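Step one of this worksheet: look at the structure below.
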2 protein chains.
Amino acid sequence: MVRKQDRDRDGDQAMQNRATPPPTTDPAMGDPGDALALSGQLCFAVYAAAHAFNRLYRPLLDPLGLTYPQYLVMLALWAEDGRTVSSIGKAIGLDSGTLTPLLKRLEASGLVTRARSRSDERQVVVTLTEAGRTLKTRAAGIPAAIACAMGGDRDRIASLRRELEGLRRTLLAAVEETTAAFPADTPGRAEG
Amino acid sequence: MVRKQDRDRDGDQAMQNRATPPPTTDPAMGDPGDALALSGQLCFAVYAAAHAFNRLYRPLLDPLGLTYPQYLVMLALWAEDGRTVSSIGKAIGLDSGTLTPLLKRLEASGLVTRARSRSDERQVVVTLTEAGRTLKTRAAGIPAAIACAMGGDRDRIASLRRELEGLRRTLLAAVEETTAAFPADTPGRAEG
DNA sequence: TCCGATTAGATTGTGTGCAATCAAATTTCT
DNA sequence: AGAAATTTGATTGCACACAATCTAATCGGA
């Protein structure tokens, strides 16, 4: 019992001595030689970085009344107004299960309107309001603030971004392969 | 109306012609010269990659009865059994609001037990059950399956991982700076 | 020693994210 | 032309994720 307590303290000590996440040699993160070690997992690095970004964005987006996913939606609409739910979903990788309530809240905030398309009534067209359009100017300082926080040089950041884009493409291709393999075996699964 | 419809179709066409996310020159992703363009945002690349990883992991983890965050928790416990909630939280960057229900579900699945520490009753110690320990062997093939899906060479993946780890450190440091700046101005905000 | 400050985990509330499913509309095939 | 297949967005159900808050326990200072 006492030994276990000491071990917890040691772990905390290691964390406290750094303002940053533990290095990859921290035993509490798993044996570096072990394939299941957290420290060796690219997916965890991506996951953790994404969460860190969320935390950095929050104080910047709060004054605009936006959450980070809402900000992404607004970015997509500022880029191209009057899009369908699917179009927005494709741009940011979210489906209608996530988007519908999110868009409803944006509509409730007065930033967008949602209307059934006349040419295809299955579609809902999302249009910025004046307030939604105006918000862009207030959001204009955010990328610079983030870049400032990141401090790194532009080329390195752009390079990292391209690497991640390539990674995402590879991952999604692998997902499609896995999904595509099923219809051949069990046609009933095609709907999945 | 017709013009707007055509625009939607054009956008969809661009998406359909690729099994992968659009290239950075897709106008629906924003003008590349615009700082607010989705395509130029590193945070979005991280966000999108994280989601892609989730999708890739899901079919692999489903047979083990685990979600991806639960898998991370198990990785932390396989690395070091008998940890407190805080210790797990520090390892994977989650707080008790997320962990408590998650751990309760793992306990309900019979993979872990949770007990108040005798030496400090504020703490809850999370211990693997036999089933929880045994699960590690079933999970052993997952990193290889993911690596296989990624296909890239190891050095490049490790390099990307290190870049992301550094990015996360930078981001978290920036978050702490922002948080630390407030107490000096408004002590009442120190609790935030 | 006692009290105020801090900590650990739980809870509350809100907003995601995604699989599965559904209803209505549109497209495709016979 | 009519039926089957597919598409679109909405809904249901479940599991996160995190800020704010709370209770109980522990720590630190007077």
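Here the structure is a predicted model, which means the values were calculated and not measured.
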Between C1' of C:dG15 and CG of A:Leu103, the distance in whole Å: 13 Å
Any donor-acceptor N/O pair, A:Glu163 side chain to B:Leu160 backbone, under 3.5 Å: no
Residue whose nearest DNA chain D nucleotide is more 5′ - B:Leu94 or A:Gly97: A:Gly97
Side chain of B:Glu121 (C-beta onward), nearest among D:dG9, D:dA17, D:dA25: D:dA25
Out of D:dG9, C:dT16, D:dC18, whichever nucleotide has its closest atom nearest the side chain of A:Val124: D:dG9
Separation of atom CD in A:Glu107 from atom C1' in D:dA10, rounded to whole Å: 14 Å
Sugar-phosphate, base or nothing in reach of A:Gly93, heavy atoms under 4.0 Å: sugar-phosphate
Whole angstrom value for the distance that separates C1' of C:dT6 from CD of B:Gln123: 14 Å
Touch class at under 4.0 angstrom, heavy-atom based, for A:Leu102 against every strand present: sugar-phosphate
Side chain of A:Arg105 - closest among D:dA19, C:dG15, D:dC16: C:dG15
Any A:Thr100 side-chain N or O less than 4.0 Å from OP1/OP2 of D:dA10: yes
Of the listed nucleotides D:dT7, C:dC18, D:dT26, the one nearest the side chain of B:Arg122: D:dT26
Distance, rounded to the nearest Å, where B:Leu66 contributes CG and D:dC14 contributes C1': 16 Å
Residues B:Leu164, A:Tyr47; criterion side-chain contact (heavy atoms from CB on, under 4.5 Å); working and verdict: CA-CA 10 Å; B:Leu164 286 166; A:Tyr47 174 84; over 6 Å; no
Proximal nucleotide (of D:dG9, C:dG17, C:dG9) relative to the B:Ser86 side chain: C:dG9
Nearest-neighbour nucleotide for the A:Arg114 side chain, C:dA25, C:dC18, D:dA10 considered: D:dA10
Pairwise distance OG1(A:Thr67) to CZ(A:Arg105) - rounded to 0.5 angstrom: 7.5 Å
Comparing A:Leu99 and A:Ala52 on DNA chain D - which has the more 5′ nearest nucleotide: A:Leu99
From C:dG9, C:dT16, D:dC18, nucleotide with atom closest to A:Thr98 side chain: C:dT16
Closest nucleotide among C:dA10, C:dA19, C:dT16 to the A:Thr67 side chain: C:dT16
Separation of atom CD in A:Gln70 from atom P in C:dG15, rounded to whole Å: 8 Å
Integer-rounded Å distance: C:dG15 P and A:Arg58 CZ: 10 Å
Side-chain N or O of B:Tyr68 closer than 4.0 Å to phosphate OP1/OP2 of C:dG17: no
B:Leu128 versus B:Arg133, closest heavy-atom pair with distance: O-NH1, 3.1 Å
Of the listed nucleotides C:dT16, C:dG9, D:dA10, the one nearest the side chain of A:Val85: D:dA10
Nucleotide D:dC27, atom P - distance to CG of B:Asp120 in whole Å: 6 Å
Whole-Å gap separating P (D:dA15) and CG (B:Asp62): 12 Å
CA sep, side-chain torsions, deciding dist, call: A:Ser86, A:Thr84, side-chain hydrogen bond (donor to acceptor under 3.5 Å, both in side chains): CA-CA 5 Å; A:Ser86 292; A:Thr84 61; 4.8 Å; no
Base C:dA10 to side chain B:Ser96, donor-acceptor N/O within 3.5 Å cut-off: yes
Under-4.0 Å side-chain N/O to phosphate OP1/OP2 contact, B:Lys104 with C:dT11: yes
Nearest-0.5 Å distance that lies between atom OH in A:Tyr71 and atom CH2 in A:Trp78: 7.0 Å
